[in-house]
Protein chains: 2
Amino acid sequence: MPASSIGTTAAFIQQRNLVDQVADYLTQAIIGQRFAPGERLSEVQLARDLGVSRAPVREAARLLESRGLLVSQPRRGFFVRALDARELADIFDLRLCLERHAMEQLAGSCPSEALAALRRQVEVLCEASGSGDESRRIEEDLAFHRLLIASAGNRRLLRTFDDLAHELRLCITLITKTHEAPDSIAESHHLLLDALASGDAPLCREAIDYHIGVAKDYVVRGISENC
Amino acid sequence: MPASSIGTTAAFIQQRNLVDQVADYLTQAIIGQRFAPGERLSEVQLARDLGVSRAPVREAARLLESRGLLVSQPRRGFFVRALDARELADIFDLRLCLERHAMEQLAGSCPSEALAALRRQVEVLCEASGSGDESRRIEEDLAFHRLLIASAGNRRLLRTFDDLAHELRLCITLITKTHEAPDSIAESHHLLLDALASGDAPLCREAIDYHIGVAKDYVVRGISENC
DNA sequence: CGATTGACGACTGTCGACAGCTTGAGCAGT
DNA sequence: ACTGCTCAAGCTGTCGACAGTCGTCAATCG
């Protein structure tokens, strides 16, 4: 979805399920910081702007609420999620919890196809990292970690990660706006591959702990400096 | 601060909300097996039966979908979630992931008040277990594990557990309908307390692994025999 | 001058209605 | 008897409208 089309709001709503389109629009607008954190969103105004009725707007907003991008107050409406340092730390702690579980499970039995797929994704990520397109780098990074979780074979775990990924995408994007990400991030995924290949569970745990720890420090420090 | 006053008052006031009432009704109906697994639910018919319009029914159904009690297909509507053995195993695997994380974290630093609160909850659970009220026993059991997660201090982790708890409640209730739960279950929570009190991380991990493993075996075996 | 109250405006919660899609029954043809 | 088609009924997706509620701000009172 080209970022330019978001500006022409009414034209953008033309193709699929209205709810999904509105949800995509809202997601992009929040990620792109076109709504300020904590800002109140009016259903009627959004509906007017997008040229649809309130029903799909309301339903899309509930969807984003379940994804943690919006919060609602009864009879007051929806507000853009404002993340403080503590919530951010909680998000990365949960992320560590999920990925550590996947890593430890894969340490025991990681199918060679899964490892190969992860290796390919790291290559894609490194290439995206060199392209200078920050948004693409973030997506490929998330895609790698999603693949890691998916390789563990637990669909419910994957669903939980996908839920969390929306919040991750939000805070990572916000930070990247003001802080350059170090180039070493993409490369550091090789350490995860090495740990998986070794089949050593404690090493896998150590690798993912370090990896997520670095990312967490990077984001939490960025937030603390900004606000 | 008496937890009862604030909790019940707020709940009572928000209960005026039609969406929440419909959600409660649907939840109880699904848990109580008044809808068959996989059964299609018609928005119009539910609205007629409950004497409300489709809007709150639709919104409540989306809420239950996000909780994993319903699934939706575009232009086809909502269906009662039917759990197979694999999904059940996935649910308990995720539960282990979350609780293991909380236990390992608490092993390092478990405030004495938190440990005391957990101890009290185990007593409540044992008493409920002896009362013969299966529904109450399940709720007190879930309450203990919720308290365990909450003690770790990560709100995002707690939210994830709360989401999962609806699915847990569903499958545990279904199993309990046909299979008597062994009395030892309530008592076995003491092992978790002992592990926490010891402050030994590997012991904590071992304790929760065993505890969730027993519960998982109990439920998965029940499902396999039933279907 | 500060606190209180009451009216105004905006918004959410809820409702009934309509169009297009899905489904299943019934009919025609083989 | 079986397969394919038609069509009617029911359903979801979406819409516009109304009523009750909340925040705001000015007028009033201590």
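Below, chain A is the first sequence line, B the second, and so on; all start at residue 1.
When heavy atoms are screened at a 4.0 angstrom cut-off, L41(B) is found touching the sugar-phosphate backbone but no base atom. Using a 4.0 Å heavy-atom cutoff across all strands shown, R76(B) reaches sugar-phosphate atoms only and no base atom.
With distances taken from any side-chain atom of E43(A) to the nucleotides dT22(C), dG13(C), dC15(C), the minimum falls on dG13(C). Distance from the side chain of L18(B) is smallest to dT14(C) among dG13(C), dT14(C), dC15(D). For S53(B), taking side-chain heavy atoms from C-beta onward, the closest of the listed nucleotides dT12(D), dT14(C), dC15(D) is dT14(C). With dC11(C), dG13(D), dC15(C) as the choices, the nucleotide that has an atom nearest any side-chain atom of Q45(A) turns out to be dC11(C). Of the candidate nucleotides dG13(D), dC15(C), dG13(C), dG13(C) has the atom nearest to the side chain of R58(A).
OP1 or OP2 of dT14(D) has at least one side-chain nitrogen or oxygen of N17(A) nearer than 4.0 Å. Listed pair S42(B) / dC11(D) meets the phosphate criterion, a side-chain N or O lying under 4.0 Å from OP1 or OP2. Of the side-chain N and O atoms in R54(A), none sit less than 4.0 angstrom from OP1 or OP2 of dG16(D).
Residue whose closest nucleotide on DNA chain D sits further toward the 5' end, between A55(A) and F78(B): F78(B). Nearest-nucleotide positions on DNA chain C place E59(B) closer to the 5' end than the other of E59(B) and R40(B).
When atom types are taken as modelled, the side chain of H179(B) and the backbone of T176(B) share no donor-acceptor pair closer than 3.5 angstrom.
As rounded to whole Å, 12 Å separates atom P of dG16(C) from atom CZ of R48(B). Atom CG of L46(B) and atom P of dC11(D) are 10 Å apart (whole Å).
Between H101(B) and H101(A), the distance separating the two ring centers is not shorter than 6.0 angstrom.
In this model, a donor atom of one side chain and an acceptor atom of the other lie less than 3.5 Å apart for R156(B) and T160(B).
In this pair, H211(A) and H145(A) present their aromatic rings tilted. The plane angle is within the 30 to 60° band.
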